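Counting begins at 1 with the first residue of the sequence. The shown structure was predicted, so the numbers you read here are calculated from the model rather than taken from an experiment.
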Amino acid sequence: MKIITIQNDTQPEFDRKLIASLPSSGPRYTSYPTADRFHNGFTEADYIHALKLRRMGALNKPLSLYVHIPFCNTICYYCGCNKIITKDKLRADAYIEYLDKEMALLAPHLNSIHQLAQIHFGGGTPTFLNDNQIERVFALIRQHFQLIPNGEYSIEIDPRKVSRETVLHLGKLGFNRMSVGIQDFDPKVQKAVNRIQTVEETREVIDAAREAGFKSVSVDLIYGLPHQSLESIKPTIETVLSLDPDRLALYHYAHLPHIFKPQRRIDTATVPDSEEKLDILQYAVQTLTERGYVFIGMDHFAKPDDELALALKEGWLQRNFQGYSTYADCDLISIGVSSIGKIGTTYVQNERDIDAYYAAIDAGHLPIMRGYQLNRDDLLRRNIIQDLMCRFSLDFQVYESVFGIPFTRYFETELADLQKLAELGLLHLTSKRLRVTPKGRFLIRNIAMVFDYHLRHKETTAQYSKTV
C-alpha cells in the first residue's frame with residue numbers, strides 16, 4: 001500500500017461545541033475488524049496454516065512479539081485488563097514454564113530464528129516478575145528470536161514496585177522503551193482508585209530509564225476518574241511535565257462495572273460529569289500543545305523530535321494492538337494468557353482463563369481460544385481505517401489501484417455519511433480524496449467508524465469507550 005506523506009504542521013483544534021454534539025462510543029481500532037468480532041470457529045489449525053503461509057513467504061512482514069504477564073500485586077479499581085491479583089511469586093515461576101512450553105509448540109511453525117522488530121511486555125504488571133524471572137523470559141526469547149540494533153523493545157512499568165536497579169537491569173537485557181503508569185498524582189484520586197503512587201518513586205524510575213539509555217519514556221494518564229476536576233488535574237499535569245516524558249497518553253476512563261468487577265468499588269457519585277471531563281481534556285490538550293508536544297492522534301502526544309512525531313510528520317505512522325507505532329505493519333506473535341496476535345490476514349487470541357491456557361499447553365496444543373480470517377473487504381477497510389487513524393487522509397485513487405474497485409461506487413453509502421461529517425467541519429471531501437480537519441482529528445474514531453462494515457451491519461455485545 002502506498003504511503004501518503006501529509007502535512008501535520010497545524011495543531012488540532014478543540015471544538016468543544018462540536019465534540020459535545022457528537023456523544024458516541026466506538027472502537028479504538030488497534031485492529032480491524034475489532035477483537036469483539038473474533039470467534040471460536042477459528043482454531044489452532046487455522047493459526048498453524050497462517051504460520052505456514054508466512055513461513056513460505058506469503059506477505060512476509062517484519063515480526064513483533066507480545067508477551068502478556070497477567071499478575072498484579074494489588075488491584076487498581078479502574079482497570080479493565082486481564083489480570084490475576086496475587087503476591088505469590090511462585091505463580092510467576094509456573095507461568096514462565098508455560099511460556100517456555102508455548103514457545104516450544106510454536107517453534108516448529110516458525111522454522112528458523114527470526115529477527116524481532118518489536119517486543120512488548122504488557123499486563124497485568126510485567127514488573128511483577130523479579131529480575132531473575134524477567135531474565136528467564138528474555139533468555140527464552142533469545143532462544144527463538146534475534147534482537148536487532150534498531151528494534152523497539154518496550155515494557156509497561158508500575159513505579160510502585162520497581163527500583164532503580166531493576167530499571168538498569170531491564171536496559172542491560174535489551175529493553176529500550178518504557179511505558180510508565182501514573183493516571184493521577186492527586187492523593188484523593190489515588191485513594192479512590194486504590195493506586196497510591198508518589199512523585200518521587202515515579203521520578204526515580206524515569207531518571208533510571210534515561211540513565212540506562214532508554215530511547216523513549218511514555219507516561220499514561222486517565223481523565224474521568226473519581227474526584228478529578230479541572231482544578232485538581234492542573235498540579236498533576238505540571239508535575240508530569242516536570243518529569244519531561246517523551247510521549248504522553250491521556251485516556252478517557254470507561255466505567256463499565258458490569259464487565260470489569262473491580263470498577264464496582266468506584267463511587268460513581270464522585271466521577272466528574274461530561275462537562276467537567278471536557279474541561280479537563282481541553283485544559284490538558286491546550287497545556288501540552290503550548291509546552292511543545294505534538295498531538296499524534298486520539299489521546300497521544302509526543303515531543304517534536306520523538307520518533308512517533310517524526311513518523312506522523314513523514315506519513316509512516318502505524319497503529320497496532322499496543323497503540324501507535326513507528327514501525328511498518330508487522331506480523332505479531334503473541335504468547336501468554338489472553339494475548340492477541342496477527343499473522344498475515346489472520347488474528348488470533350489465546351485462552352483468557354489461565355487454567356484453560358495451561359490445560360491446552362499440557363495437552364500439546366497451542367492455547368488458541370478464538371480468532372478471525374480477514375476477507376478482501378476486511379483488508380480494504382483495514383487499510384482505510386489505518387490511513388485515517390495514522391495519516392488523517394485518504395487518496396481514493398490509491399485504493400482503486402491496489403484493490404481494483406471504483407471507490408465512490410463501492411463506498412456510496414459511506415460517502416453519504418461522510419458528507420454529513422464534512423458539513424459539521426470534521427473533514428474536507430472531494431471526488432478524489434478525504435482530508436480530516438484540525439477539529440476532526442479529535443473525533444477520528446467517529447470518522448473511521450463510517451468505514452466499519454461490521455459495526456454497520458452486524459450486532460455486537462461489546463461496549464466501547466467514549467470516542468472523546
Donor-acceptor pair, side chain of Gln349 and main chain of Ser338, under 3.5 angstrom: yes
Side-chain heavy-atom pair Ser64, Ile119 within 4.5 angstrom cut-off: no
Distance-minimising heavy-atom pair for Arg54 and Pro62: NH1-O, 4.3 Å
Min side-chain heavy-atom separation Asn320-Ser325 under 4.5 Å: yes
Distance (rounded to the nearest 0.5 Å) between Ile69 CD1 and Ile96 CD1: 6.5 Å
All pairs passing salt bridge (charged side-chain N to carboxylate O under 4.0 Å, His left out) where residues 175-199 contributes a residue, at least two apart: Asp158-Arg195, Arg177-Glu307
Any residue meeting side-chain contact (heavy atoms from CB on, under 4.5 Å) with Arg142, in chain and number order, not counting sequence neighbours: Phe138, Leu147
Point-to-point distance, once rounded to the nearest 0.5 Å, from CD1 of Ile157 to CD1 of Ile155: 4.5 Å
Validation row, ring centre Tyr347 to ring centre Phe321 under 6.0 Å: yes
Salt-bridge criterion met for Arg136 and Asp93 (N-O under 4.0 Å): yes
Ala302 versus Leu308, closest heavy-atom pair with distance: CB-CB, 4.2 Å
Thr346 side chain near Leu374 side chain, heavy-atom distance below 4.5 Å: no
Distance (rounded to the nearest 0.5 Å) between Leu63 CG and Cys330 SG: 7.5 Å
Asp220 side chain vs Val180 backbone, donor-acceptor pair below 3.5 Å: no
Stepwise ring-ring contact (aromatic ring centres under 6.0 Å, His included) check, Phe451 with Tyr32: CA-CA 10 Å; Phe451 287 97; Tyr32 179 84; 9.9 Å; no
Distance, nearest 0.5 Å, that separates CZ of Arg210 from OG of Ser216: 9.0 Å
Lys/Arg cation over aromatic Phe71: Lys83, 6.0 Å, 45° cone: no
Ring centers of Tyr324, His300 separated by less than 6.0 Å: yes
Beyond-backbone contact of Lys303 with Tyr293, side-chain heavy atoms, under 4.5 angstrom: yes
Residues Arg28, Asp299; criterion side-chain contact (heavy atoms from CB on, under 4.5 Å); working and verdict: CA-CA 10 Å; Arg28 294 184 61 83; Asp299 35 34; 3.0 Å; yes
Test item: Arg370 side-chain N/O and Val348 main-chain N/O as donor-acceptor pair under 3.5 Å: no
Contacts of His68 that satisfy side chain to side chain donor-acceptor pair (under 3.5 Å) - sequence neighbours left out: Tyr66
Derivation of the side-chain contact (heavy atoms from CB on, under 4.5 Å) call for Phe145 and Leu110: CA-CA 10 Å; Phe145 303 101; Leu110 296 174; 3.9 Å; yes
Leu281 to Tyr223 - nearest heavy-atom pair and separation: CD2-OH, 3.6 Å
Atom CG of Asn40 with >12 non-hydrogen neighbours under 6.0 angstrom: no
Minimal non-hydrogen separation, Arg319 against Tyr29, with atom names: NE-O, 3.4 Å
Side-chain donor or acceptor of Glu44 paired with backbone N/O of Met369 under 3.5 Å: no
Lys NZ or Arg CZ of Lys234 over Tyr283 ring: under 6.0 Å, within 45°: yes
Over all atoms of both residues, closest heavy-atom pair of Tyr372 and His454: OH-CE1, 3.1 Å
Side chain Tyr153, main chain Leu116, donor-acceptor under 3.5 Å: yes
Side-chain donor/acceptor of Gln228 to backbone N/O of Leu225, under 3.5 Å: yes
Side chains of Leu243 and Arg203 in contact at under 4.5 Å (non-hydrogen atoms): yes
Gln197 versus Gly181, closest heavy-atom pair with distance: NE2-O, 3.0 Å
Full working for side-chain contact (heavy atoms from CB on, under 4.5 Å) between Arg445 and Met389: CA-CA 7 Å; Arg445 288 161 72 184; Met389 301 294 289; 4.2 Å; yes
Residue pair Arg247, Asp306: steps toward the side-chain contact (heavy atoms from CB on, under 4.5 Å) verdict: CA-CA 8 Å; Arg247 303 174 185 178; Asp306 184 85; 2.7 Å; yes
Arg291 and Glu238 ion-paired at < 4.0 Å: yes
Residue pair Ile266 / Pro257, side-chain heavy-atom distance below 4.5 Å: no
Residue pair Val67 / Leu99, side-chain heavy-atom distance below 4.5 Å: yes
Check against ring-ring contact (aromatic ring centres under 6.0 Å, His included), Phe260 and Tyr78: CA-CA 8 Å; Phe260 308 120; Tyr78 56 80; over 10 Å; no
Spatial distance of atom CG (Asp15) from atom NZ (Lys439) [nearest 0.5 Å]: 4.0 Å
Arg441 NZ/CZ over Phe392 ring centroid, <6.0 Å and within 45° of normal: yes
N/O donor-acceptor pair under 3.5 Å between Thr86 side chain and Asp88 backbone: yes
Verdict with supporting geometry, Tyr98 and Tyr358, ring-ring contact (aromatic ring centres under 6.0 Å, His included): CA-CA 7 Å; Tyr98 278 90; Tyr358 287 166; 4.0 Å; yes
Side chain to side chain donor-acceptor pair (under 3.5 Å) between His120 and Glu156, intermediate numbers included: CA-CA 8 Å; His120 186 83; Glu156 297 171 8; 2.9 Å; yes
Any donor-acceptor pair under 3.5 Å from Thr287 side chain to Ala284 backbone: no
Side chain Ser163, main chain Thr166, donor-acceptor under 3.5 Å: yes
Straight-line distance of Leu310 CG to Thr326 OG1, nearest 0.5 Å: 9.5 Å
Worked verdict on Glu102 versus Asn350 for side chain to side chain donor-acceptor pair (under 3.5 Å): CA-CA 11 Å; Glu102 184 180 0; Asn350 278 353; 2.8 Å; yes
Close side-chain approach of Val240 to Ile182, heavy-atom, < 4.5 Å: yes
Side-chain (Arg391) to main-chain (Leu317) donor-acceptor, under 3.5 angstrom: yes
Under-4.0 Å salt bridge between Glu211 and Arg164: yes
Side chain to side chain donor-acceptor pair (under 3.5 Å) assessment of Asp46 paired with Thr43: CA-CA 5 Å; Asp46 297 311; Thr43 66; 3.3 Å; yes
